[in-house]
Amino acid sequence: MFDDPQSPSWTPLLEAAWKARANAHAAYSHFQVGAALLTASGDIVAGCNVENAAYPVTLCAERGALSAAVAAGLRPGGLVAAVVVTDVDLLTPPCGACRQALAEFAERLPVLLANRHGRELHRLEDLLPHSFTGRNFT
Ligand code: THU
């Protein structure tokens, strides 16, 4: 399943991520990113980056997708898999802020990075070891 980067289980997530990427608003970087998340309830929720003339206001594809998934009912522990797609040769891993945001919902989340040529599978805990969690202060 989601421990094999070539598994057909990734296909609907990849399709959703590519579709969202086509809608990215990347007027400044011209770097379009698409993301898709699978939740335990079987929902696939996509996102794209949304840039802004005030650069720091920019929203990454992953956190856009995460926000939509939470609005649709996602709760901590309920994230099953994530995909990030871009159209450049170097695969694009989620930025640090997105890693932290995703970790709130699944610390061992399988994260598939893909472009037109290939894919690479990572676990979120390898991308962000020792993440800060609610357990740190409760
Ligand atoms: N970006 C994402 O959407 N996700 C990432 O994981 C890395 C960066 C976006 C933000 C910005 O719109 C553009 O890529 C360049 O940084």
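As the structure is a prediction and not an experimental result, all values here were calculated from the model. For the numbers below, each heavy atom of this structure counts, side chains included, while hydrogens, waters and symmetry mates do not. Order of listing sets the numbers, starting from 1, for every ligand and every atom in it.
- Listed for the Glu51 side chain is a donor-acceptor partner under 3.5 Å among the backbone atoms of Ser29.
- Every heavy atom of Ala35 sits 4.0 Å or more from the atoms of ligand 1.
- Residue contacts with ligand 1: Pro94 is included, with a non-hydrogen atom under 4.0 Å away.
- Ring orientation note: the planes of Phe137 and Phe132 are close to parallel, at an angle under 30° on the 30°/60° scale.
- Annotation: Val33 places no N or O atom under 3.5 Å from an N or O atom of ligand 1; distance criterion only.
- Using a non-hydrogen distance threshold of 4.0 Å, Thr58 registers as a contact of ligand 1.
- Listed by number with element, the atoms of ligand 1 under 4.0 Å from a non-hydrogen atom of Glu51 are 11 (C), 12 (O), 13 (C).
- The nearest heavy-atom contact from the protein to atom 8 (C) of ligand 1 is Cys60 SG, 4.2 Å.
- Not one N or O of Thr92 is nearer than 3.5 Å to an N or O of ligand 1, by distance alone.
- In this structure a side-chain-to-backbone donor-acceptor pair under 3.5 Å is present from Thr58 to Tyr55.
- The shortest separation from a heavy atom of Cys98 to ligand 1 is not under 4.0 Å, leaving the residue out of contact.
- The atoms of ligand 1 that sit less than 4.0 Å from any heavy atom of Ser29 are 13 (C), 15 (C).
- In this structure, the side chain of Asp87 does not engage the main chain of Gln32 through any donor-acceptor pair within 3.5 Å.
- Under the 4.0 angstrom criterion, atom 16 (O) of ligand 1 counts as lacking any protein heavy-atom contact.
- Inclusion of Glu62 in the set of residues having an N or O under 3.5 Å from an N or O of ligand 1 is warranted.
- In this structure, Arg123 CZ and Phe2 CZ are separated by 11.0 Å, a value rounded to the nearest 0.5 Å.
- If you check which protein heavy atom lies closest to atom 9 (C) of ligand 1, you get Asn49 ND2, 3.6 Å.
- A side-chain donor-acceptor contact under 3.5 Å links Asn115 to the backbone of Val88.
- Hydrophobic clustering (ILVMFWY, side-chain heavy atoms < 4.5 Å, transitive): Leu128 and Leu37 are in distinct clusters.
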Discussion item. Please evaluate residues Glu104 and Leu66 with respect to the criterion side-chain contact (heavy atoms from CB on, under 4.5 Å), reporting the C-alpha separation (whole Å), side-chain torsions for both, the decisive distance (0.1 Å), and the verdict.
Written reply: CA-CA 10 Å; Glu104 180 86 8; Leu66 187 62; over 6 Å; no
Worksheet entry | side chain to side chain donor-acceptor pair (under 3.5 Å) between Glu107 and Thr133, worked out | CA-CA 9 Å; Glu107 290 171 37; Thr133 77; 5.0 Å; no
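- Of all atoms in ligand 1, listed by their number and element, those nearer than 4.0 Å to a heavy atom of Phe31 are 13 (C), 14 (O), 15 (C).
- In terms of protein heavy-atom proximity, atom 3 (O) of ligand 1 is nearest to Ala61 N, 2.9 Å.
- Near Pro93, meaning under 4.0 Å from one of its heavy atoms, ligand 1 places the atoms 6 (O).
- Atoms of ligand 1 lying under 4.0 Å from any heavy atom of Cys95, numbered from 1 in the order shown and given with element: 6 (O).
- Put simply, the side chain of Arg99 gets close to the backbone of Pro94: a donor and an acceptor are under 3.5 Å apart.
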